[in-house]
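Below: the structure, in structure tokens.
Hydrogens, waters and symmetry mates play no part in the numbers below; they use all other heavy atoms, side chains included.
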Amino acid sequence: MIRKVLVGSTVYADGVDYLGIALEFTPPTITMETVTQNQPGHAAPIEIATGRLEALEASFVMGDAVPEVEALVGAPHAVDVPLTFVSRVTDGATARVETHELAGVWTKAEASSMGEAASADAGRHTYTVSIRTLRHLIDGAEVRRIDVEANEHVVNGVPVLDPLRAALGP
């Protein structure tokens, strides 16, 4: 697999206010929730998909504290303040633009160690958000959209949860 390198990730609040360039961005890991069935007659336990996703969390690193983001962490008024990352990603031969729009509950602001013994990472700040809504675009085309509270999960324009809803009936 060819390694993808983040060239730069511009961060915006509310899709408008420029916050700076993220040094690192970790998008959420999309994991289906499963339950383990261990029935007599099975050679081994099997995993059954529940149709739900596990909790979604994203984080990003800035070279310094960002007062606008610091104010979001733990603030009741800050729930679902949208954040947009516009990133240029390259494998050395080709490049693409990936956009992540996310909102949720701002759960953590973590500063790195500072002082004489601190590493080259001194001054870096990591911010974490528990995601309620996520939209991922590659070169302007929507790849994934998730709205946890509205129970929506769309991949490449196809609603993932529709077969489950149909199986459950009206």
Could you give me the CA-CA distance, side-chain angles and deciding distance for V160 and V158, then say whether side chain to side chain contact (heavy atoms under 4.5 Å, CB included) is met? CA-CA 6 Å; V160 174; V158 178; 5.9 Å; no
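- Between N156 and V143, the closest side-chain pair of non-hydrogen atoms falls below 4.5 Å.
- Taking CD1 of I146 as the reference point, atom CG of L53 lies at 5.0 Å (rounded to 0.5 Å).
- The side chain to side chain donor-acceptor pair (under 3.5 Å) search around R135 returns E101, E142, not counting sequence neighbours.
- Between V97 and V86 the shortest side-chain heavy-atom distance falls below 4.5 Å.
- Among residues two or more places apart in sequence or in another chain, the ring-ring contact (aromatic ring centres under 6.0 Å, His included) test is passed with H100 by F25, H136.
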Using residues 35-46 as the side-chain source, report each donor-acceptor pair under 3.5 Å to any protein atom, sequence neighbours left out, with the distance given to one decimal.
from, atom 1, to, atom 2, distance (Å)
T36, OG1, E47, OE1, 3.4
T36, OG1, E47, OE2, 2.6
Q37, OE1, Q39, NE2, 2.9

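- Residues that satisfy the side chain to side chain contact (heavy atoms under 4.5 Å, CB included) test with A95, not counting sequence neighbours, are R88, T90.
- Shortest non-hydrogen contact noted between A103 and P82 is CB-CA, 4.0 Å.
- The hydrophobic cluster of V154 has no other members, since no ILVMFWY side-chain heavy atom comes under 4.5 Å of it.
- Annotation: salt bridge (charged side-chain N to carboxylate O under 4.0 Å, His left out) contacts of E98 (sequence neighbours excluded): R96.
- A donor-acceptor contact closer than 3.5 angstrom is absent between the side chains of H153 and R145.
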Full working for side chain to side chain contact (heavy atoms under 4.5 Å, CB included) between I131 and V148: CA-CA 8 Å; I131 296 174; V148 174; 5.7 Å; no
I'd like to know whether V129 forms a side chain to side chain contact (heavy atoms under 4.5 Å, CB included) with E57, so could you lay out the CA-CA distance, the side-chain angles of the two residues, the decisive distance to 0.1 Å, and finally the verdict. CA-CA 6 Å; V129 61; E57 185 175 89; over 6 Å; no
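- Every residue was checked against the salt bridge (charged side-chain N to carboxylate O under 4.0 Å, His left out) condition with D147, not counting sequence neighbours, and none meets it.
- I30 is listed as a side-chain neighbour of L134, based on a closest heavy-atom distance under 4.5 Å.
- Listed by chain and number, the residues in a side chain to side chain contact (heavy atoms under 4.5 Å, CB included) with S59 are T26, T126, T128 (sequence neighbours excluded).
- The shortest non-hydrogen separation linking P28 to A58 is CD-CB, 4.0 Å.
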Let me see the working for T29 and L56 under side chain to side chain contact (heavy atoms under 4.5 Å, CB included), right down to the final yes or no. CA-CA 7 Å; T29 300; L56 303 171; over 6 Å; no
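- Annotation for L137: hydrophobic cluster partners, listed by chain and number, are none (ILVMFWY side-chain heavy atoms under 4.5 Å, direct or chained).
- Nearest approach of A65 to P67, heavy atoms of both residues: O-CD, 3.6 Å.
- Sequence neighbours left out, not one pair with a member in residues 102-111 passes side-chain hydrogen bond (donor to acceptor under 3.5 Å, both in side chains).
- The shortest side-chain heavy-atom distance between I48 and T34 does not fall under the 4.5 Å cut-off.
- Here the shortest heavy-atom pairing between A22 and M62 reads CA-SD, 3.6 Å.
- The side chain to side chain contact (heavy atoms under 4.5 Å, CB included) test applied to D64 returns H125, not counting sequence neighbours.
- Just one of T10, L102, T99 meets the side-chain contact (heavy atoms from CB on, under 4.5 Å) condition when paired with F85; it is L102.
- With sequence neighbours excluded, the residues forming a ring-ring contact (aromatic ring centres under 6.0 Å, His included) with Y127 are F60, listed by chain and number.
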